[in-house]
Student: 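Okay, handing you the structure first.
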Amino acid sequence: MRKTSRVQVRKMEKNYDHQSTEDQLYQSWEQSGAMYADRNSDKKPFTIMLPPPNVTGHLHLGHAAMLAIEDILIRFKKMTGHEVLWLPGTDHAAIATENVVIKHLGLKNRNEVSREEFLTECRKFAAEKHDRIVGQMKKMGAWLDWSREAYTFDDARSHAVNTMFRKLYDDGLIAKGHRMINWSTGAQSVLADDELEWEDLKEPFYYLKCGRFIIGTVRSETKCSDSPVIVNPHGKYVKIRTKAGNEELILSQYAWEENPLFAFLKQDYDVVETVTGHDLVGETFEYETYAGKRKFWVVADNVIDMEKGTGAMTVSASHSEDDYELATRLNLQELFVQKIDFHGRMTELAGPCEGMTVEEARKESAKIMKEKGLLVMIDKNYQHRVPFCYRSNSVVEPMVSSQWFISVEKEFTDQWTSKKTTLKKLMQEAVRDGHVKIIPKRFEKTYFQWIDNLRDWCISRQIWWGHRIPVWYGEVRGEEIVAVGSDEELKKKNASNIRQDEDTLDTWFSSALWPFSTLGWPDEFSPDLQKFYPNDVLETGWDIIFFWVARMIMFGRYATGKYPFHHVYLHGMVTDAKGKKMSKSKGNGIDPLDVISEYGADAVRLSLVIGTSPGNPIPLGKDKISGYRNFVNKLWNAGRFVQMQAGKDVKASDTPQSIADKWILSRFSNVAQEVKKHLEKYEISSAGDKIYHFIWDEFCDWYIEASKVDSNPSFLKYIFQEILKLTHPLCPFISEKLWGELAGEELLIGQTFPSIDFRDAQVVENFRLIQTIVTDIRKIRSDQKINPKEKLLLNIQKNKKSDVLQEALPLLKLLAGLNEIQFLETLHSEKNTVKLLIEGISLLLKIPVDEEAEIQRQTKEKQLLQNTIKSLESRLNNKGYLEKAPQHLVEQTQKELEEAKKKLLSLQ
RNA sequence: GCGCGCGUAGCUCAGAUGGCUAGAGCGUCUGCUUGACUCGCAGAAGGUCACAGGUUCAAGUCCUGUCGCGCGCACCA
């Protein structure tokens, strides 16, 4: 055995210091130039586009999880011979940024400055914040090709946006239309359906008189205009009359008979007639509203649900999606009147409530109606959900407005197949036909649910920060003409009064181009596009599957003929340790930068990927992170041990000698293959778990211990270097650091991922025997409360494994605390000995026995054996088992039974 | 209302295709301070696998139902 008495070049600290390591290592990776993806390489490409974070945002745990997962995949693929491209970038995040800048400038709204001034401020602000988010991403260790960094709002991406718009327009898939949209009164802009947040509210539900009809509504403020009263033609209604005969009302038979809310009416009213909705049609009348007398007429339509409300309703065509559709269908143009303006205030139609906010008007109108005797009753327990704007935190009103839409159901001729199709179909086919696989699979159902309900995508926004709609208007000889994509046509025709559309595009329009706009599209011959498109994996949080993933699929397939990626990997939300959502108010949030600084990036990465599964929440607490910090430190100290045994001057050699060498190599080979398999299937958690337990439970607990009695420094160095390669994708910093300490010049990531195939089943079995003997002796020592310092004598009956054990004598002595081991023909039980039977081998441990403890131990063991025997016997006595269970299982059961019996006998 | 998922040790979770004594991390208890590591070492305790039926030689695993939890979609009469 070689003493490492020579002075080491540099002593490694006792504890791993991530603080002094990580930033420096990242810099050295950047400087190496190895992060650059070579478009001319012959290697198979592997591409991930980083989901671009908001340029003005800061790194949160969701980003951290995303970066950890993607970085692991990228490093793994690089080490398995791929030309990897992980392309970074940031998003201009239209509404979000606009709001932040407005706040930053201390404006009430953006109109206090000019459009140009405002955009200049936005650009300035974005540029300032850009470096912060980029720096934070580097803290996680992300192996990104910064030379290709993109921005959703830079020139190249803007060019792609305009080109795409033009293409869609030419195919007739983009058009401007007057339609019902979601209007955020706070942001002063339209919102897409999926941008809405919903809030559960309990609001008063008013039942109002409208002529003879009772109608129900939450929105009392909208009951101020002429309207049809809609009834179901086949629905049954009752006419009820006061006992005095001075008033008659109509409501659905269902409400009258089944709805307890209306029970009180029975005191004063009696049914005088039952009719169908059809019988009521055609009736016209004038009736009082809170805003004066209005005209009403009765119309029948099947949309009316007889079990809702009173089976009758009036219509607010301009302020309700359903009503809008109904009015359109019934061709009631005159109903499209504006009761609420775009600032959320009542128009002159609202009479006494004009100028009030919707909220104020709701209360006031109800009050007036009550005074006028129009209010039948109020249901105070009515619950519903109300949409609001996630950015400005204000109410969203359905409004009719002129906007740009992408038609998802309109047919067009697909240039790649020359077949007629729709954008919706392209999205459906992507997943249905397996072009895009979603991990976990159950989200495919969610995806379809969304696509199937998909309506036209409203892409215009009334904000300033974003891609301006590439549509120009001009006049030629007094006639307005339009140019799309650029204004060149207009200039050619010498148009006058040229002006661009005022609106900007939904931020997701540019994001939807991300997988290919970053690679040079619309230039179809761009080398990057040829080499790295389609992408391999799109990894993101499941919450933006609709906003983003579905739309990338749509645009990618439409514009390039190829689906933009093969796999979609969806990670879950990071929650606190108890699985509760992190929130500022609860104070249970964790800032990734804080914990990176406290525990190191490797520990944070591990805690975000191990013990998690795609699509499920990622519970994270400091305990978990510190646990993985401990693991990282364990690895560091293993490295320290290796360095002490085999410094830089020792050459690594892959030749195993001792049984321990062969065992660890065999185990490593096995584990490495499993890890590889897991990573190929995107099962990062399992891969991490296997590495963790292999390093800690096998390499450190057994192999390093074995190295202390029988050292093979060059092999130790070899196996440890292989371990570092195995660990690198998950813990890039510590592994690279240790690699540098032990080996030297080249980067660890440039090495090949371990793929050794060394299997020696016999050695593994023999080593397991040694482990069992050691563990069993330790158990006895612990039960008998024997001082760990006290060395014991062990007698072993000679057996077929004697030479294996003979070879392992020093190891057995060290690990089990023995000073002498004798091999004897026969063993004699005597006082102060404990008999053991391990895999058919009899052993006798001489100890100062605590009789009582020993009896207790034996009784317990006997009991356990008896139970085992009982259950095994009953299994073997079962005819069905013998007949139907596979042969090898039956044999195994018999073998177990025999062994258990033998063991029990040895205890008697 | 429609759909998805979950309910396994004190806590957070693993447990393809049914088949050894149901596992891990953290926590708890006992002991140790051994020359890589107290961010450590050795050992232990702790589970009627939500409940009720069913299929099977065999169910944590498959089927049906019940209860509880989380989530998505739809939803302003």
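Residue numbers begin at 1 in each chain, while the letters A, B, ... track the order of the sequences. Only heavy atoms go into these numbers, but all of them, side chains included; no hydrogens, no water, no symmetry mates.
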Student: In whole angstrom, what separates A/Glu899's CD from B/C20's C1'?
Tutor: 12 Å

Student: Among B/U56, B/C20, B/G19, which is the nearest nucleotide to the side chain of A/Leu889?
Tutor: B/G19

Student: For A/Ser613, answer base if it contacts any base atom (sugar-phosphate contacts may also be present), sugar-phosphate if it contacts only those atoms, and nothing otherwise; contact means non-hydrogen atoms under 4.0 Å.
Tutor: sugar-phosphate

Student: Between the base of B/C37 and the side chain of A/Arg640, is there any donor-acceptor pair under 3.5 Å?
Tutor: no

Student: Reckon A/Phe699 touches a base, only the sugar-phosphate, or nothing at all at heavy-atom distances under 4.0 Å?
Tutor: nothing

Student: With no hydrogens and no angle check, just 3.5 Å: does a side-chain donor-acceptor pair link A/Ser220 and A/Ser365?
Tutor: yes

Student: Which nucleotide, B/G72, B/U12, B/C37, lies nearest any side-chain atom of A/Thr446?
Tutor: B/G72

Student: Any side-chain donor-acceptor pair under 3.5 Å between A/Tyr324 and A/Ser316?
Tutor: no

Student: NA contact type, A/Thr217, heavy-atom cut-off 4.0 Å: base, sugar-phosphate, or nothing?
Tutor: sugar-phosphate

Student: Protein within reach of the bases, or only the backbone? For nucleotides 25-30 of chain B, mark each nucleotide 5' to 3' as B, S or -, using heavy atoms under 4.0 Å.
Tutor: SS----

Student: Give A/Asp322 one of three labels, base, sugar-phosphate or nothing, depending on what nucleic acid heavy atoms sit under 4.0 Å from its own.
Tutor: sugar-phosphate

Student: When the distance from CE of A/Met12 to P of B/C37 is rounded to whole Å, what number comes out?
Tutor: 11 Å

Student: Examine distances only and state if a side-chain atom of A/Ser227 and a backbone atom of A/Val315 form a donor-acceptor pair shorter than 3.5 Å.
Tutor: yes

Student: Does the distance from a Lys or Arg side-chain N to an Asp or Glu carboxylate O, for A/Arg219 and A/Glu397, drop under 4.0 Å?
Tutor: yes

Student: Return yes if a side-chain donor-acceptor contact under 3.5 Å exists between A/Asn259 and A/Glu307, otherwise no.
Tutor: no

Student: Write down the distance separating the C1' atoms in B/G15 and B/G60, rounded off to the nearest Å.
Tutor: 8 Å

Student: Do A/Gln892 and A/Glu896 have side-chain N/O donor and acceptor atoms under 3.5 Å apart?
Tutor: yes

Student: Quick one: is B/G43 close enough that its OP1 or OP2 comes under 4.0 Å of any side-chain N or O from A/Lys779?
Tutor: no

Student: Of the options B/C57, B/C37, B/C75, whose atoms approach the side-chain atoms of A/Tyr881 most closely?
Tutor: B/C57

Student: At under 4.0 Å between heavy atoms, what does A/Lys308 touch on the DNA or RNA strands: base, sugar-phosphate, or nothing?
Tutor: base

Student: Going from CE on A/Met180 to CZ on A/Arg455, what distance comes out if it is rounded to the nearest 0.5 angstrom?
Tutor: 10.5 Å

Student: Could you give the CZ-to-C1' distance, from A/Arg442 to B/G72, as a whole number of Å?
Tutor: 11 Å

Student: Let me know the distance between CG of A/Asn182 and P of B/C75, rounded to the nearest Å.
Tutor: 10 Å

Student: Answer with base, sugar-phosphate or nothing: what part of the nucleic acid does A/Arg778 contact at a heavy-atom distance below 4.0 Å?
Tutor: sugar-phosphate

Student: If I compare all heavy atoms of A/Thr222 with all of A/Lys339, which pair ends up nearest, and what's the gap?
Tutor: O-NZ, 2.8 Å

Student: Considering only atom P, compute the distance from B/U28 to B/C11 and round it to an integer number of Å.
Tutor: 15 Å

Student: Roughly how many Å apart are B/U8 and B/A22, using the C1' atom of each and rounding to a whole number?
Tutor: 8 Å

Student: Taking the side chain of A/Pro886 as its heavy atoms from C-beta onward, which of B/A36, B/G19, B/A14 lies nearest to it?
Tutor: B/G19

Student: P atom, B/C62 versus B/C4: distance in rounded Å?
Tutor: 15 Å

Student: Could you work out the separation of B/G65 and B/C41 based on their P atoms and round it to a whole Å?
Tutor: 49 Å

Student: Taking A/Asp623's backbone N and O only, do any of them form a donor-acceptor pair with A/Ser626's side chain (distance below 3.5 Å, no angle check)?
Tutor: yes

Student: Measure distances between side-chain N and O atoms of A/Lys578 and base N and O atoms of B/C11, and say whether any donor-acceptor pair falls under 3.5 Å.
Tutor: no

Student: Counting runs of three or more consecutive pairs, Watson-Crick or G-U wobble, with each distance below 3.5 Å, where are the stems of RNA chain B?
Tutor: B:1-7 with B:67-73, B:10-13 with B:23-26, B:28-32 with B:40-44, B:50-54 with B:62-66

Student: Examine distances only and state if a side-chain atom of A/Asn232 and a backbone atom of A/Ile304 form a donor-acceptor pair shorter than 3.5 Å.
Tutor: yes

Student: When rounded to the nearest Å, what value does the distance between C1' atoms of B/C51 and B/C67 take?
Tutor: 7 Å

Student: Donor-acceptor pair, distance only, cut-off 3.5 Å: does the side chain of A/Asn182 make one with the backbone of A/Pro398?
Tutor: no

Student: Using the C1' atom as the reference point in each nucleotide, state the distance between B/U56 and B/U64 in Å, no decimals.
Tutor: 16 Å

Student: Specify the separation, in whole Å, of atom CE of A/Met644 and atom P of B/C37.
Tutor: 7 Å

Student: Which nucleotide, B/A36, B/A74, B/G3, lies nearest any side-chain atom of A/Gln449?
Tutor: B/G3

Student: Heavy atoms only, 4.0 Å cut-off, all strands: where does A/Ile304 land among base, sugar-phosphate and nothing?
Tutor: base

Student: With sugar-phosphate meaning primed atoms plus P, OP1 and OP2, does A/Val218 contact a base, only sugar-phosphate, or nothing at under 4.0 Å between heavy atoms?
Tutor: sugar-phosphate

Student: Can you tell me how far C1' of B/U21 sits from CG of A/Leu897, to the nearest Å?
Tutor: 15 Å

Student: Considering only the C1' atoms, how many Å lie between B/C13 and B/C6, rounded to the nearest integer?
Tutor: 12 Å

Student: A/Asn15 side chain: which of B/C57, B/C39, B/C4 is closest?
Tutor: B/C39

Student: Which part of the nucleic acid, if any, lies within contact of A/Val229, taking any heavy atom under 4.0 Å across all strands shown: a base, the sugar-phosphate backbone alone, or nothing?
Tutor: nothing

Student: Going by the angle between their ring planes, with limits at 30° and 60°, are A/Tyr692 and A/Tyr628 parallel, tilted or perpendicular?
Tutor: perpendicular

Student: Can you tell me which nucleotide in B/A24, B/C32, B/U21 comes closest to the side chain of A/Arg875?
Tutor: B/U21

Student: Quick check for you: among B/C32, B/A36, B/G72, whose closest atom lies nearest to any side-chain atom of A/Trp542?
Tutor: B/G72

Student: Considering residues at least two apart in sequence or located in another chain, which fulfil the salt bridge (charged side-chain N to carboxylate O under 4.0 Å, His left out) criterion with A/Lys901?
Tutor: A/Glu873

Student: NE2 of A/His678 versus C1' of B/A14: gap in Å, rounded?
Tutor: 11 Å

Student: Anything under 30° is parallel, anything over 60° is perpendicular, the rest tilted; go ahead and classify A/Tyr207 against A/Phe262.
Tutor: perpendicular

Student: Base, sugar-phosphate, or nothing: which does A/Phe631 touch, judged by heavy atoms less than 4.0 Å apart?
Tutor: nothing

Student: What is the distance, to the nearest angstrom, from the CD atom on A/Glu883 to the P atom on B/C57?
Tutor: 10 Å

Student: Report yes if a side-chain nitrogen or oxygen of A/Thr775 is closer than 4.0 Å to either non-bridging phosphate oxygen (OP1 or OP2) of B/A42; otherwise report no.
Tutor: no

Student: Distance criterion of 3.5 Å, no angle test: do you see the side chain of A/Glu705 paired donor-to-acceptor with the base of B/A36?
Tutor: yes

Student: Contact class for A/Ala885 vs. all strands (heavy atom < 4.0 Å): base, sugar-phosphate, or nothing?
Tutor: base

Student: Hey, is the side chain of A/Lys580 poking within less than 4.0 Å of OP1 or OP2 on B/G70, counting only N and O atoms?
Tutor: no

